[in-house]
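Quick caveat: nothing in here was measured; it's all calculated off a predicted structure. Note on naming: letters A, B, ... go to the chains in the order of the sequence lines (proteins, then strands), and numbering restarts at 1 for each one.
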Amino acid sequence: MNDLFPEPLPDGITLLPRQADAVALLPLIDAIAAMSPPRHLTVPGGGSMSVAMTNCGMLGWVSDRSGYRYDRIDPLTGRPWPAMPAAFTELAAGAAAQAGFAGFMPDACLINSYAPGARMGLHQDRDERDFAWPIVSVSLGLDAVFLIGGTRRADPTRALVLADGAVLVFGGPARRMYHGVRPLKAGHHPLLGARRLNLTFRKAG
DNA sequence: AAGTGGCT
DNA sequence: TTAG
């Protein structure tokens, strides 16, 4: 039961049900988090994000008081982000190909950790160089309600449930749409406890 | 500006 | 309860 609404998904959105190989990413995520720990980034204006973030790959998405950017260096450690494991690249490229984006080779993977109550306000992903490449999102742990709107922030939104192991590919016309995540509900996952992890793969540079 | 909370 |  993925759709809260019966209508077909917006053009450019592909939702793949639970991918059996997604659970294999968990120990790799732990290793990345040991090198570049998830942290609550500051946003322009001075607020703090409720989602804890880290990255792997050549580029990582970061925010601070001065704005958003991709950076080769983790500002917390002063070192490059951990390398992107081959299993990450393979899962993302395979999902993108199934959604019609052959040749997707991500250079950035943003790893988001949601505790109960954590949310992501409506936003566009617009810090990447080429919007022709999709964004591939892998969900692990607790279910989340994903919101997808239009190209203007005030456009009405629809809701999708992103369950453990689900992979969402966000490309074509959907690439520029506002999207977000409702506050995470409390719950328990056998491997992750009261947590949701989300990996978003991008071709940023 | 990917925040948050309060007001109308 | 939702929109702004």
Could you tell me whether the side chain of A/Asp21 and the main chain of A/Ala24 form a donor-acceptor pair under 3.5 Å? no

Does B/dT4 have OP1 or OP2 under 4.0 Å away from a side-chain N or O of A/Ser50? yes

Taking A/Arg39 first and then A/Asp74, would you say they form a salt bridge - that is, a charged N and a carboxylate O separated by under 4.0 Å? yes

Length of the CH2-P vector between A/Trp61 and B/dA1, whole Å: 13 Å

The nucleotide from B/dA1, B/dT4, B/dA2 with an atom nearest the side chain of A/Arg119 is B/dT4

Using a cut-off of 4.0 Å on non-hydrogen atoms, how would the nucleic acid contact of A/Ser63 be classed: base, sugar-phosphate, or nothing? nothing

What is the separation between atom CG on A/Leu147 and atom C1' on B/dA2, rounded to the nearest whole Å? 13 Å

Rounded off to whole Å, could you give me the CZ-to-C1' distance for the A/Phe170 and B/dA2 pair? 13 Å

Pull out every stem in DNA chain B, meaning runs of 3 or more consecutive Watson-Crick or G-U wobble pairs with both distances under 3.5 Å. none

Kindly determine whether A/Phe146 and A/Arg182 satisfy side chain to side chain contact (heavy atoms under 4.5 Å, CB included), including the steps that lead there. CA-CA 7 Å; A/Phe146 180 80; A/Arg182 285 202 186 131; over 6 Å; no

Integer-rounded Å distance: B/dA2 P and A/His40 NE2: 19 Å

Looking at A/Asp127 and A/Arg202, is any side-chain nitrogen of the basic one under 4.0 Å from a carboxylate oxygen of the acidic one? no

What is the distance from CZ of A/Arg153 to P of B/dA2, rounded to the nearest Å? 4 Å

Between A/Ile32 and A/Phe201, is there a shared hydrophobic cluster once you connect ILVMFWY residues whose side-chain heavy atoms come closer than 4.5 Å? yes

So what does A/Arg126 touch, heavy atoms closer than 4.0 Å: a base, only the sugar-phosphate, or nothing? nothing

Please confirm whether the backbone N or O of A/Trp133 pairs with a side-chain atom of A/Arg175, one donor and one acceptor, at under 3.5 Å? yes

With a 4.0 Å cut-off on heavy atoms, is A/Ser66 in touch with a base, just the backbone sugar-phosphate, or nothing at all? base

Have a look at A/Gly121 and say if it touches a base, only the backbone sugar-phosphate, or nothing, with a 4.0 Å heavy-atom cut-off. sugar-phosphate

Whole-Å distance separating the OH atom of A/Tyr178 from the P atom of B/dA1: 9 Å

Side-chain donor/acceptor of A/His189 to backbone N/O of A/Leu142, under 3.5 Å: no

Within the structure shown, what part of the strands sits under 4.0 Å from A/Arg152 by heavy-atom distance: base, sugar-phosphate, or nothing? nothing

What is the distance, to the nearest angstrom, from the CG atom on A/Asp127 to the P atom on B/dA2? 11 Å

Provide, to the nearest angstrom, the distance between the CE atom belonging to A/Met49 and the P atom belonging to B/dG3. 5 Å

